[in-house]
Protein chains: 2
Amino acid sequence: MADKSSDRSAPTMADVAKAAGVSKSTVSRAFTQPNMLGVDTVERILEIANRVGYVPNHTARALSTGRHGNVALVVPDVANPFFPPLIRAAQMEADRSDFCVFLGNSDENWRQEDKLVDRFVSQVEGLALAASRLSEERIRHHALKRPLVLINRDIRGIPRVLIDSSTGVIDAIAHLAALGHKSLVYVSGPASSWANQQRRAAVRAGAKTHHMDVTIVAAKVPSYESGRAVVPDILASKATAVLAFDDLTAQGIMTGMADRGVAVPEQISIVGCDDVLGAATYPSLTTVSNRSDEAGRAGMSLLLDMLNSRAVGDARLVLGTHLVVRNTTAPPPRKSISS
Amino acid sequence: MADKSSDRSAPTMADVAKAAGVSKSTVSRAFTQPNMLGVDTVERILEIANRVGYVPNHTARALSTGRHGNVALVVPDVANPFFPPLIRAAQMEADRSDFCVFLGNSDENWRQEDKLVDRFVSQVEGLALAASRLSEERIRHHALKRPLVLINRDIRGIPRVLIDSSTGVIDAIAHLAALGHKSLVYVSGPASSWANQQRRAAVRAGAKTHHMDVTIVAAKVPSYESGRAVVPDILASKATAVLAFDDLTAQGIMTGMADRGVAVPEQISIVGCDDVLGAATYPSLTTVSNRSDEAGRAGMSLLLDMLNSRAVGDARLVLGTHLVVRNTTAPPPRKSISS
DNA sequence: CTATGTTATGCAACCGGTTGCACGTCAAGA
DNA sequence: TCTTGACGTGCAACCGGTTGCATAACATAG
């Protein structure tokens, strides 16, 4: 009668109950409401459970309680360096509360995102969407079925945490103006990106303040390749400074400039956004810093608060940013560059 | 009698059954085994289900079938650029088969990894562990309860996909030897990392072939900071070339060298591993390329095969690597450097 | 010594599906 | 006409927990 428990399948509550000579209910309570039982009983059950290697079945519990202890996190592109720190922080925050997180990669595609959310929704308690590409209508639709928080997307009535690039971008414009620049181009990101809209607006505002000309050049997808691709457009504008939607784009632009023999920062100044590359570029990139990890942590924390029905309401948490001056900005050349 | 279905909760199979005047079983089969039913019946049920907005409950289904359509992926550090492409590819592969993936971040810590796996195990059909820091014993233990595949970890009897750096590393050594280097240091990674063990062995082997001296310098964690930290040790070795465990470490080393005024590659050559930075460093880094995305895809694919009980057995898939020569390698200086 | 409360535990229904088996019907073969 | 098999469907048990209510034991109050 040593070990009869060598089934392939894991021991269940019934097994533990039998071994302990009590009912299933008692075992259940030993785990969920121990103070409802005699201390010795609880101790004995836990001991036995541990001995036979019993682990409560998440799925079964979820079925009867409706709480699965899972949340979902959806991002546009795991491989975009903006997101890993965010994902990491969110995941660790969830972990602290014993939540498991589903990760979804929408591939910068709203259809894919919608599909993912639909698949997740029946098995999570709540969702966090980072830089969602979904329409406001779809987001509201999903928010109706499950607690939902947004990261870097601003929709009234839906709890959200935003990284406010405005301050940092305005600092950047001031910095460029102080160096003597009179014109700049903003290389934009995805149209549906809240961050992009906000940065573009901040660029316009800052440029106005400092009486600078601004040209918008569109790079649909934020990536190294996109950056390289828009270099001709940038040069055509005759501007002496560039502010890119993100560091990846900025990095691509730097490479593109180098390919054409345009010196950075001597002939043209470049500023990135997000500070995801650290000082890894050469010259090291002047950029607008943010703490995407903090956004991830805060977003998840907010979501967990909602799940514990701690009042959240129309939360709108804004995280500040600031300019990090490195070596890609300098005074403009005497005369505008000619390729 | 218009809509009585406005409960807060979603309609269940019983609701649909009642509305259709059939039994639960029939509704169930209409979704899972339609060809077992009359075509008209199926059609009617589907129509009604659709009308009342019925969606099968994932959790309940999982409870009775044991199939939740979920898999778990655990990595040591989401923010390490080696992993995002891997994660992304794995997630998309799972997605193609309508699987949802739990993501775990072990934080380079085996206890954390063990805890995560335990939490996942009751709600996934299978697990993929990338660069697992667990002991072989723990891995075998978990593999007993669920189909499990390893990525970059080589344990007999457990399906695994490995990125074989040996070929690339040996190429790198040959490249350095051809340039005239006589000595190099290998900056190692985590001791429990299979990749590290393999790279170290390849370095030794390659060095022996080319009659080079090799010194091992330890960097416990693969990171930019670690790289900077080991620079004094490297210089102390008087070696003229460095091969680092990964690109991040190599990048840190480059910065550290620059800080000390040691020119790369004129005074010392540096080779990285993984090629996660592209040509983003300056000088652009010579490195051993791999396709971590392919490893992620293949690993997940293998896991899904196991779940469909397609024979897998003791699979051991090895992906090759090759050297990418960029600009951090050059002939050694005439005389060894002095800091 | 009986009435009343507490406390620890068991019973059984329930969460929302799945599935083996039984049953009834209808058509083809004997 | 009776048998037999295929087909379509329902019954009820089951997956592994949770939980409202009942009950038994024991303590306290009247």
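A note on names: the letters A, B, ... follow the listed sequences, proteins ahead of strands, and every chain is numbered from 1. For clarity, every value in this text was computed on a predicted model and none was experimentally measured.
When the P atom of dT9(C) is taken as reference, atom CE of M36(A) falls 10 Å away, rounded to whole Å. Between the C1' atom of dG8(D) and the CD atom of E43(B) lies a distance of 16 Å, rounded to the nearest Å. One can place CG of N35(B) at 11 Å from P of dC7(D), the figure rounded to the nearest angstrom. Between the CG atom of D40(B) and the P atom of dG8(D) there is a distance of 9 Å, given to the nearest Å. With rounding to whole Å, M13(A) atom CE is found 13 Å from dC11(C) atom P. Here the C1' atom of nucleotide dG20(C) and the CD atom of Q33(B) are 11 Å apart, to the nearest Å. Rounded to a whole Å, the CZ atom of R67(B) is 11 Å from the P atom of dT19(C).
Side chain of T26(A), nearest nucleotide from dG17(D), dT9(C), dG10(D): dT9(C). In this structure, the nucleotide among dG17(C), dG17(D), dT9(C) sitting nearest to the side chain of K24(B) is dG17(C). Among the nucleotides dG16(C), dT18(D), dA12(C), the one closest to any side-chain atom of S25(A) is dA12(C). Of the candidate nucleotides dT18(C), dT9(C), dT9(D), dT9(D) has the atom lying nearest to any side-chain atom of R29(B). The side chain of L37(B) approaches dT9(D) more closely than any other nucleotide in the set dT9(D), dT19(D), dT19(C). Considering only side-chain atoms of T65(A), the nucleotide from dT18(C), dG17(D), dT18(D) that sits closest is dT18(D). Picking from dG17(C), dG16(D), dT18(C) the nucleotide with the shortest atom distance to the side chain of L63(A) gives dG16(D). The side chain of T32(A) lies closest to dT18(D) when the candidates are dA8(C), dT18(D), dG17(D).
The phosphate of dG16(D) (OP1 or OP2) has no side-chain N or O of S64(A) nearer than 4.0 angstrom. Between S23(B) and dG10(D) there is a side-chain N or O to OP1 or OP2 distance below 4.0 Å.
Note: L129(A) CG to R160(A) CZ = 13.5 Å, rounded to the nearest 0.5 Å.
Summarising the local packing, CZ of R96(A) is surrounded by 12 or fewer heavy atoms from other residues, nucleotides or ligands at distances under 6.0 Å.
Ion pairing of R156(B) with D314(B) is absent here, as no side-chain N (NZ or NE/NH1/NH2) approaches a carboxylate O to less than 4.0 Å.
Distance alone, capped at 3.5 Å, places no donor-acceptor pair between the S292(B) side chain and the P85(B) backbone.
Classified by interplanar angle (parallel below 30°, tilted 30° to 60°, perpendicular above 60°), the ring pair F31(B)/Y54(B) is perpendicular.
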